[in-house]
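Notes follow the structure.
In this chain, numbering begins with 1 at the start of the sequence shown.
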Amino acid sequence: MNNYEQPIYMNNAATSWPKAPGVAEAAAEALRRIPGEANRGGVTDFDVFEEVRKELAELMGVDCPFQIALGCNSTWGLNQAIFGYPLNPGDTVLSTNAEHNAVLRPLHVLMQRGIKVVTLSADAAGRVPVPEWEQVLKYCRPKLCILTHASNVTGAVNDIAALAKAAKESGADVLLDISQTLGCIPVKLSEWGVDLAAFTGHKYLLGPQGTGGVYVREGLCLRPHMVGGTGVKSDLKEMPEEMPLHLEAGTGNEPSYHGLLAALRWSREHPREPGEMERKAGRLSEGLRKLGCRVIVPGGVSTPVISFVIPGISSADAADILTGSYDIILRTGLHCAPEIMESIGMQGGTLRLSLSRFTTDDEVEQVLCAVRDVVESGV
């Protein structure tokens with residue numbers, strides 16, 4: 001067992017923990033108060049959704065907060081974007097094999113509807129190679145390009161400035177999945193020329209589950225994937241045309257968004273020390289390699305994610321030992337991104353450790369000690 005009173009949490013690429021200070025209190029207080037949701041006859045003038053949009057717009061590098069529609073997570077946002085984008089049978093979508101199932105499964109549905117989907121393979125680090133991307137754009141001429149900002153398996157961050165530029169020059173719009181990067185590394189959607197972006201609040205934004213959404217550039221109109229009440233313009237048979245109402249059907253998760261707002265404000269007021277997460281992730285990666293583990297080292301810009309396997313021990317067995325005997329919470333398997341495994345040579349899946357700004361040096365060393373025990377035991 002580890003020497004801590006609580007588990008060592010290394011699964012932040014899935015859901016961050018601990019949350020930012022004040023998140024739980026803000027959500028709890030919202031639950032205790034009389035509901036006051038915007039546009040729905042609430043009892044307060046404070047619009048938590050509007051305030052969240054303002055914070056997010058600054059983080060995303062966009063000028064208009066009202067182009068951000070808020071929902072329950074990035075899967076919601078990706079579905080809104082993919083199924084709402086004006087595609088017709090015969091159109092082409094270009095994507096990559098580094099994508100999460102929140103992209104892969106909607107793309108499968110599009111193919112059943114007569115949309116052609118072209119998939120480019122990532123390199124051995126999990127990164128989309130720019131020259132190959134540019135080449136594929138020339139022959140397939142997609143209407144829409146969909147790719148992740150960073151691999152949730154390897155942490156490799158893609159060169160979105162170059163990839164989006166090439167896509168725009170070919171005439172395509174760009175949908176970017178920023179679930180793994182928003183709040184972790186700089187995001188500059190307008191500067192990069194990104195048209196759509198899906199995000200979640202419960203990873204590196206340090207907010208609660210049940211928050212997330214989609215950014216849509218001005219001038220681009222999606223068909224609403226969900227329709228229903230908006231609290232205003234109730235006489236219309238269709239969703240209101242203006243954003244964000246156009247995509248925000250139904251009652252929003254007000255308590256969780258109060259929690260997300262608290263997280264966003266706390267992070268803005270307490271910027272993390274540059275390079276600290278990267279230093280700790282590097283120490284963990286180096287230590288695992290010295291123990292004989294096979295580690296994916298993406299190089300370049302990356303998120304604090306380490307995927308590895310212990311030779312001679314299945315990932316499932318190793319995870320059971322690390323969790324059951326050492327209280328280390330991590331992820332094992334395909335990480336909802338099954339197609340990238342062939343590119344990185346890990347067809348059977350990996351063990352994944354993912355750090356946060358709250359991960360300590362002691363926790364890193366405790367994890368390395370635990371893995372050393374597993375390696376030496378030869379289980």
Regarding [X] and [Y], does a basic nitrogen lie under 4.0 Å from an acidic carboxylate oxygen?
| X | Y | answer |
| --- | --- | --- |
| R272 | E278 | yes |
| K165 | E169 | yes |
| E286 | R289 | no |
| R357 | E273 | no |
| E51 | K54 | yes |

Checklist line | Members besides V23 in its Ile/Leu/Val/Met/Phe/Trp/Tyr cluster (side-chain heavy atoms under 4.5 Å) | finding: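 Its cluster partners, ordered by chain and number, are none at all.
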
Does atom [atom1] ([X]) have a neighbourhood of more than 12 heavy atoms from anything else shown, all under 6.0 Å?
| X | atom1 | result |
| --- | --- | --- |
| E241 | CD | no |
| R105 | CZ | no |
| E50 | CD | yes |
| E242 | CD | yes |
| E342 | CD | no |

Nearest 0.5 angstrom please: [X] [atom1] to [Y] [atom2], how far?
| X | Y | atom1 | atom2 | result |
| --- | --- | --- | --- | --- |
| L110 | L144 | CG | CG | 8.5 Å |
| Q209 | T15 | CD | OG1 | 4.5 Å |
| F49 | E254 | CZ | CD | 5.5 Å |
| E132 | S121 | CD | OG | 10.0 Å |
| D177 | L78 | CG | CG | 5.0 Å |
| L261 | T211 | CG | OG1 | 11.5 Å |

Checklist line | Full working for side chain to side chain contact (heavy atoms under 4.5 Å, CB included) between V194 and I178 | finding: CA-CA 11 Å; V194 170; I178 54 175; over 6 Å; no

Check whether [X] reaches the backbone of [Y] with its side chain - one donor and one acceptor, N or O, closer than 3.5 Å.
| X | Y | result |
| --- | --- | --- |
| K138 | S170 | no |
| N73 | W76 | yes |
| N97 | A122 | yes |
| K143 | N88 | no |
| T75 | A102 | no |
| E248 | L70 | yes |
| S314 | D317 | yes |
| H246 | L222 | yes |

Next item on the list: Identify the residue among I344, T303, V297, V305 that makes a side-chain contact (heavy atoms from CB on, under 4.5 Å) with T154.
Entry: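 The single option meeting the side-chain contact (heavy atoms from CB on, under 4.5 Å) with T154 is I344.
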
Checklist line | Residue from V371, V374, I313, V309 passing side-chain contact (heavy atoms from CB on, under 4.5 Å) with C293 | finding: V371

Using side-chain heavy atoms (C-beta onward) and a distance below 4.5 Å, is [X] in contact with [Y]?
| X | Y | value |
| --- | --- | --- |
| L355 | I306 | yes |
| S354 | R331 | no |
| Q67 | V62 | no |
| L368 | K290 | no |
| I321 | Y326 | yes |
| R265 | E55 | yes |
| Q6 | D327 | no |
| T323 | I328 | no |

Grab the two heavy atoms, one from [X] and one from [Y], that are nearest each other, plus how far apart they are.
| X | Y | value |
| --- | --- | --- |
| S285 | V295 | OG-CG1, 3.6 Å |
| P142 | A172 | O-CB, 3.3 Å |
| G126 | A98 | O-CB, 4.3 Å |
| L260 | G201 | CD1-O, 3.9 Å |
| G155 | A150 | O-CB, 4.3 Å |
| W266 | P21 | CE2-CD, 3.4 Å |

Quick check: is [Y] connected to [X] through a chain of hydrophobic side chains (ILVMFWY, heavy atoms under 4.5 Å apart)?
| X | Y | value |
| --- | --- | --- |
| M226 | Y85 | yes |
| M346 | L288 | no |
| I68 | F66 | no |
| L205 | V214 | no |
| F199 | V157 | no |

Next item on the list: In sequence, state the C-alpha distance, the side-chain angles, and the governing distance for L291 and I310, and then conclude on side chain to side chain contact (heavy atoms under 4.5 Å, CB included).
Entry: CA-CA 9 Å; L291 290 171; I310 302 174; over 6 Å; no

Can you name the residues that form a side chain to side chain contact (heavy atoms under 4.5 Å, CB included) with [X], not counting sequence neighbours?
| X | value |
| --- | --- |
| K168 | D173, V174, D195 |
| A337 | N152, V153, I340 |
| S356 | N12, F358, T359 |
| D235 | K233 |

Item checked: Side-chain H-bond candidate by donor/acceptor type, T360 with D362, under 3.5 Å -> no

Notebook entry, point to check: Are side-chain N/O atoms of H335 and T350 paired as donor and acceptor at under 3.5 Å?
Noted result: yes

Item checked: Pairs involving residues 102-145, ordered by first then second residue, that meet ring-ring contact (aromatic ring centres under 6.0 Å, His included) (sequence neighbours left out) ->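 Checked against ring-ring contact (aromatic ring centres under 6.0 Å, His included) - neighbours excluded - no pair reaches residues 102-145.
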
Checklist line | Verdict with reasoning, W192 to V187, per side chain to side chain contact (heavy atoms under 4.5 Å, CB included) | finding: CA-CA 9 Å; W192 295 334; V187 172; 4.1 Å; yes

Item checked: Residues F46, H258; criterion side chain to side chain contact (heavy atoms under 4.5 Å, CB included); working and verdict -> CA-CA 11 Å; F46 181 79; H258 276 279; 3.8 Å; yes

